[in-house]
Enquirer: 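After the structure tokens below, expect a handful of questions from me.
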Amino acid sequence: MPPAQPRSIAPCGTRNMYAGSLRIAAFGTERDGGCSEGLPEASLLRTYLARSALVSHLDRSPPAGPGPGPGPVPALTEYRARLFGNVPLVVHDCPVWDMFDSDWYTSCRLLGGADVVVIKYSVNDQASFQGLRDNYLPMIQRALSHCSIPVIISALGARKNVPCTCPLCTSDRRGCVTTSEGVQLAKELGGTYLELHTLNDFYVQKCFGGVLEYFMIQSLNQKSSEKMKKRKKMQKCPGVQPPQLEQPGKMPILRPEPSRFTSDLRGLLLGSCPCSDVAFLPEDLSMAVPAHRVILCSASPLFTLLFRVRSPQDPMEEAVVRAAGRLFTVRPGDAFPGDHRQLPSTRVVVKDPIFCSCLTDILHFIYSGAFQWEQLEEDIKEKLKDLEKTEHVLEKVKSILNTPGKLSTAKDCRSHQMKRVCSTSLRLFFNTPVLADVIFKVQGATVPAHRAVLVARCEVMAAMFNGNYLEASSVLVPVYGVSKDTFLSFLEYLYTDSCCPASILQAMSLLICAEMYQVMRLQHMCELYIITQLQSMPTRELASTSLSIVSLLKKAKFHNSDCLSTWLLHFIATNYLIFSQKPEFQDLSGEDRAVVERHRWPPSLYLQQLAEYQRHLQSRGSHCSIL
């Protein structure tokens, strides 16, 4: 667009310098040394207006030449644009602070007539900043003393020579403007302080643009409220009222299902104890209690040493092994009679008969994450009916779950300390070949895992590994239709009961995987993540994003995510003015289009009533107070 002719600013005593528009007054320069040559190409305001998705029809007037009195202002650039669709925007950008000396009258009108004031300086120009503080700050405070105008303090650039803060250092401490100096300036002006290291999209659009647009929206709301009050007072025809726009209906708050992590692991001890790879036996071999090495090793370092998962690293761990030898003995399978040949290959003989009589309760405590110490105490007291024997067993449990170097005496092993120290850590065995008994092949890569965890946490995998399927007897299991990253995120949830998707698309892929394996809680967590991310997306970003909401809707419906698909339809209808302009809107099915049109906001009836009300006011020579 060719530049328009230079405009001068006529002095005006009111804030209605440009009626019905938003006005921004910017002072200061982004350049080091105060140089303003070529500034429009590197100007903060110019960069924002050129890149913002909310700005259209940008028109720039070049710097006006010098003139006497209240006429044209030196090096003053004026921008005109349309904001938020049809709101006029006028920006005055003056990089030269000398204007306050040469034309105080116009400077005062610029400040008093602005809706937002932007003060800019370079963090590498200490001299210019000090001039602003010493000479022009009192003038700005005086001009803004009778009005409440939001002020944005923008510190631009990356500091080249950060000054030394040592009080004994004699180096030059005035090389650049520190953050504390900028914050202090913002406090004195009652403004908002921003540091913009460079004029890229992040700092200009998200950081500076977000704050600027917030203040502009607040100003528009205030003006609309003032106009509404004025119109009500001056309304000559009380019988004709403007249409009322109701707020869109809100969807119910989604809450994730409660965790089943503890009950899932404890379920491994019920029934036939599938996938068990270790058995505890008394010395008389009268019974056998199956268990799982990966669960035991995640609960205590003692079991990692007992099962030779790792070797002792220091004398303290060697002492732990010796203590374990006084309670347990690991024997090979051929050392047992024929009746016990069907047991898992790892067999542990419990030498202490009192401890062995409570072994089932102890394993339930360990599989529950070692969080219910008081419950374990009550169960053992009820079973043994002897206080001395109860204390004996509890001391053995504490020695098993004790982390070397953290708990050493019985006095230290209070229940609240046990809860902090003795929790399971299955995360340590995620995606590691240690104790792994199954390997998944995904996209040509191998992922080790543990059947016990998979069977406990996923019903589909429990049926796959315990039923009459090929996977039940295979070590290598292929996985189709899922990417490696998505499958790793799925396994991480099974091991840790948590998921942290990196994006909305990754969350949708994980949701599809969770639906494939029927892990409903993970599916709901992905739904909640997607909804939260879309709700927090600003209108400007929603209008310019390349993410297809309609595509998400189709995937949600195809994979039986009823909650998410219902919410997405509501989201599209609530933001109808944005999505109706996108090409993806045409991809909605007839049924979905009908739902969106029926619940669209603003409603079509309101727009019709508004148009009729505008025509009525125009016929009476009035203006619409709503707009």
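As the structure is a prediction and not an experimental result, all values here were calculated from the model.
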Enquirer: Do other residues, nucleotides or ligands put more than 12 heavy atoms under 6.0 Å from Q586 CD?
Expert: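 Yes, CD of Q586 has more than 12 neighbouring heavy atoms, counting only those of other groups under 6.0 Å.
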Enquirer: Rounded at 0.5 Å granularity, tell me how far OG in S489 sits from NZ in K484.
Expert: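 Between atom OG of S489 and atom NZ of K484 there are 11.5 Å.
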Enquirer: For the pair E378 and K381, find out whether any cationic side-chain nitrogen is under 4.0 Å from an anionic carboxylate oxygen.
Expert: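 Salt bridge flag = no for K381 with E378.
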Enquirer: Output yes when a side-chain donor or acceptor of Q518 lies under 3.5 Å from a complementary backbone atom of V460, and no otherwise.
Expert: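 Answer holds: no.
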Enquirer: So does P282 get a backbone contact from the side chain of S286, meaning a donor-acceptor N/O pair under 3.5 Å?
Expert: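 No; zero donor-acceptor contacts below 3.5 Å.
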Enquirer: Taking the six-membered ring of F280 as reference, does the NZ or CZ atom of R347 fall below 6.0 Å from its centre and within a 45° cone about the axis?
Expert: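 No cation-pi geometry.
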Enquirer: So does E459 have more than 12 non-hydrogen atoms from other groups sitting under 6.0 Å from CD?
Expert: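 Counting neighbours around CD of E459, 12 or fewer heavy atoms of other residues, nucleotides or ligands fall under 6.0 Å, so no.
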Enquirer: Donor-acceptor pair, distance only, cut-off 3.5 Å: does the side chain of E584 make one with the backbone of I549?
Expert: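 Yes.
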Enquirer: So L534 and I504, do their side chains get closer than 4.5 Å, heavy atoms only?
Expert: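 They are in side-chain contact.
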Enquirer: Write down the atom of A573, the atom of H599, and the distance for their closest heavy-atom approach.
Expert: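 Looks like CB-O, 3.5 Å.
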Enquirer: Does NZ in K582 sit with more than 12 non-hydrogen atoms of other residues, nucleotides or ligands closer than 6.0 Å?
Expert: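 More than 12 heavy atoms, drawn from other residues, nucleotides or ligands, come within 6.0 Å of this atom.
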Enquirer: Start with the C-alpha gap between L505 and L547, add the side-chain angles, then the distance that decides, and say whether side-chain contact (heavy atoms from CB on, under 4.5 Å) holds.
Expert: CA-CA 9 Å; L505 293 179; L547 179 68; 3.6 Å; yes
Enquirer: Could you grab the distance from atom NE2 of H559 to atom OG of S565, nearest 0.5 Å is fine?
Expert: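 Separation between the atoms: 12.0 Å.
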Enquirer: Using the six-membered ring wherever Trp is involved, compare the ring planes of F579 and F571 and label them parallel, tilted or perpendicular (cut-offs 30° and 60°).
Expert: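 Geometry flag for F571 against F579: perpendicular rings.
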Enquirer: Would you find more than 12 non-hydrogen atoms of other residues, nucleotides or ligands less than 6.0 Å from Q535 atom CD?
Expert: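 Buried by this count: over 12 neighbours within 6.0 Å.
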Enquirer: Taking the basic N atoms (NZ, or NE/NH1/NH2) and the acidic carboxylate oxygens, is any pair closer than 4.0 Å for D277 and R451?
Expert: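 Judged by the 4.0 Å cut-off on N to carboxylate O distance, D277 and R451 do not form a salt bridge.
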Enquirer: Taking it one step at a time, do Y495 and N431 satisfy side-chain contact (heavy atoms from CB on, under 4.5 Å)?
Expert: CA-CA 10 Å; Y495 278 76; N431 196 22; over 6 Å; no
Enquirer: Under a 4.5 Å cut-off applied to non-hydrogen side-chain atoms, are L265 and L426 in contact?
Expert: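 Counting from C-beta outward, L265 and L426 do come under 4.5 Å.
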Enquirer: Look only at the side chain of R540 and the backbone of Q205, and say whether a donor-acceptor pair between them is shorter than 3.5 Å.
Expert: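 Flag set: sc R540 to bb Q205 pair under 3.5 Å.
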Enquirer: State, with a plain yes or no, whether a side-chain heavy atom of L401 is found less than 4.5 Å away from one of F365.
Expert: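 Yes, close enough: below the 4.5 Å cut-off.
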Enquirer: Strictly distance-based, threshold 3.5 Å: is any side-chain N or O of E515 a donor or acceptor partner for the main-chain N or O of L511?
Expert: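 Here the side-chain-to-backbone pair does not exist.
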Enquirer: Side chains of C358 and I362, heavy atoms from C-beta outward: is any pair under 4.5 Å?
Expert: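 Result yes, sub-4.5 Å side-chain heavy-atom pair found.
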Enquirer: Report yes or no: is the cationic atom of R600 (NZ for Lys, CZ for Arg) closer than 6.0 Å to the six-membered ring centre of Y576, at no more than 45° off its axis?
Expert: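 Yes, cation above the ring, under 6.0 Å and within 45°.
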Enquirer: side-chain contact (heavy atoms from CB on, under 4.5 Å) for C526 and M508? Distances and angles first, verdict last.
Expert: CA-CA 7 Å; C526 293; M508 177 56 74; over 6 Å; no
Enquirer: Contact between H524 and C563 at the side-chain level, heavy atoms closer than 4.5 Å - yes or no?
Expert: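 Not touching, per the 4.5 Å side-chain cut-off.
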Enquirer: Considering only heavy atoms from C-beta outward, does the side chain of R427 approach that of S498 to under 4.5 Å?
Expert: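 R427 vs S498: side chains touch.
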Enquirer: Is it the case that the side chains of T486 and Q506 hold a donor-acceptor pair, with the cut-off being a distance below 3.5 Å and no angle test?
Expert: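 Their side chains do not contain a donor-acceptor pair, so the 3.5 Å distance test is not met.
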Enquirer: Let's go through H392 and D352 carefully: what are the C-alpha distance in whole Å and the side-chain angles of both, what is the deciding distance for side-chain hydrogen bond (donor to acceptor under 3.5 Å, both in side chains) to 0.1 Å, and is it a yes or a no?
Expert: CA-CA 10 Å; H392 170 77; D352 190 327; 2.6 Å; yes
Enquirer: To the nearest 0.5 Å, what is the distance between CD (Q533) and CD1 (I531)?
Expert: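 Output value for this atom pair is 11.5 Å.
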Enquirer: Might you point out which heavy atoms bring V482 and V442 nearest each other, and give the distance in Å?
Expert: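 Between these two residues, the closest heavy atoms are O-CG1, 3.4 Å.
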Enquirer: Which pair of non-hydrogen atoms, one from S503 and one from Y529, has the smallest distance, and what is that distance?
Expert: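 That would be O-CE2, 3.4 Å.
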Enquirer: Considering non-hydrogen atoms only, spot the tightest contact between P301 and R310 and give its length.
Expert: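 Residues P301 and R310, closest heavy atoms: CB-NH2, 3.7 Å.
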Enquirer: Determine the minimum heavy-atom distance between T198 and Y203, stating which atoms define it.
Expert: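 Heavy atoms only, the tightest pair is O-CB, 3.3 Å.
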Enquirer: Check this for me, if you would: do D587 and K554 make a salt bridge, where the nitrogen-to-carboxylate-oxygen distance has to be below 4.0 angstrom?
Expert: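 No, no charged N to carboxylate O under 4.0 Å.
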Enquirer: Quick check against the 3.5 Å criterion: does S551 have a side-chain atom that pairs as donor or acceptor with the backbone of S548?
Expert: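 Not a single qualifying donor-acceptor pair exists.
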Enquirer: Does S311 offer a backbone N or O that forms a donor-acceptor pair with the side chain of Q313 under 3.5 Å?
Expert: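 The answer is yes, because a donor-acceptor pair under 3.5 Å joins these two groups.
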Enquirer: Does a side-chain N-to-carboxylate-O contact under 4.0 Å join E391 and K398?
Expert: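 No, no charged N to carboxylate O under 4.0 Å.
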Enquirer: Mind checking whether F429 and H450 have parallel, tilted or perpendicular rings, split at 30° and 60°?
Expert: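 Geometry flag for H450 against F429: perpendicular rings.
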Enquirer: Does the side chain of P290 come within less than 4.5 Å of V278's, by heavy atoms?
Expert: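 Not in contact.
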Enquirer: Stepwise, does the side-chain contact (heavy atoms from CB on, under 4.5 Å) test hold for K351 with R326?
Expert: CA-CA 7 Å; K351 298 180 181 180; R326 292 191 290 270; 5.9 Å; no
Enquirer: At what distance, to the nearest 0.5 angstrom, does CZ of R598 lie from CZ of R593?
Expert: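 The distance works out to 13.5 Å.
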Enquirer: Could you check whether the rings of F487 and Y517 sit parallel, tilted or perpendicular, using 30° and 60° as the cut-offs?
Expert: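 F487 and Y517: tilted rings.
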Enquirer: Taking S474 for its side chain and V477 for its backbone only, find out whether a donor-acceptor pair lies under 3.5 Å.
Expert: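 Checked: no pair found.
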Enquirer: Identify the two heavy atoms, one from S368 and one from R266, that lie closest to each other, and give their separation to 0.1 Å.
Expert: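 S368 and R266 have their closest heavy atoms at OG-NH1, 3.0 Å.
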Enquirer: How long is the straight-line distance from CD of E527 back to OG1 of T566, given to the nearest 0.5 Å?
Expert: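 So the OG1 of T566 and the CD of E527 are separated by 9.5 Å.
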Enquirer: What distance do F328 atom CZ and K396 atom NZ have between them, rounded to the nearest 0.5 Å?
Expert: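 Between atom CZ of F328 and atom NZ of K396 there are 9.0 Å.
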Enquirer: Side-chain contact test, heavy atoms from C-beta onward, threshold under 4.5 Å: evaluate it for S276 versus L268 and give yes or no.
Expert: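 Sidechains of L268 and S276: no contact.
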Enquirer: Got a salt bridge between R260 and E257, using NZ or NE/NH1/NH2 to carboxylate O under 4.0 Å?
Expert: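 Answer for the salt bridge query: no.
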Enquirer: With a 3.5 Å distance limit and no angle check, can you tell me whether S357 reaches the backbone of I354 through a side-chain donor-acceptor pair?
Expert: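 Side chain of S357 to backbone of I354, a donor-acceptor pair under 3.5 Å: yes, one is there.
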Enquirer: Could you check whether any side-chain N or O of N575 sits under 3.5 Å from a backbone N or O of I578, counting only pairs where one atom can act as donor and the other as acceptor?
Expert: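 No, N575 side chain to I578 backbone: no donor-acceptor pair under 3.5 Å.
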Enquirer: State whether D361 and K383 are salt-bridged, where the test is any N-O pair (Lys NZ or Arg NE/NH1/NH2 against Asp/Glu carboxylate O) under 4.0 Å.
Expert: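 Yes, D361 and K383 are salt-bridged.
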Enquirer: side-chain hydrogen bond (donor to acceptor under 3.5 Å, both in side chains), that's the test. Do E195 and Y193 meet it? Break it down for me.
Expert: CA-CA 7 Å; E195 279 200 1; Y193 176 76; 2.7 Å; yes
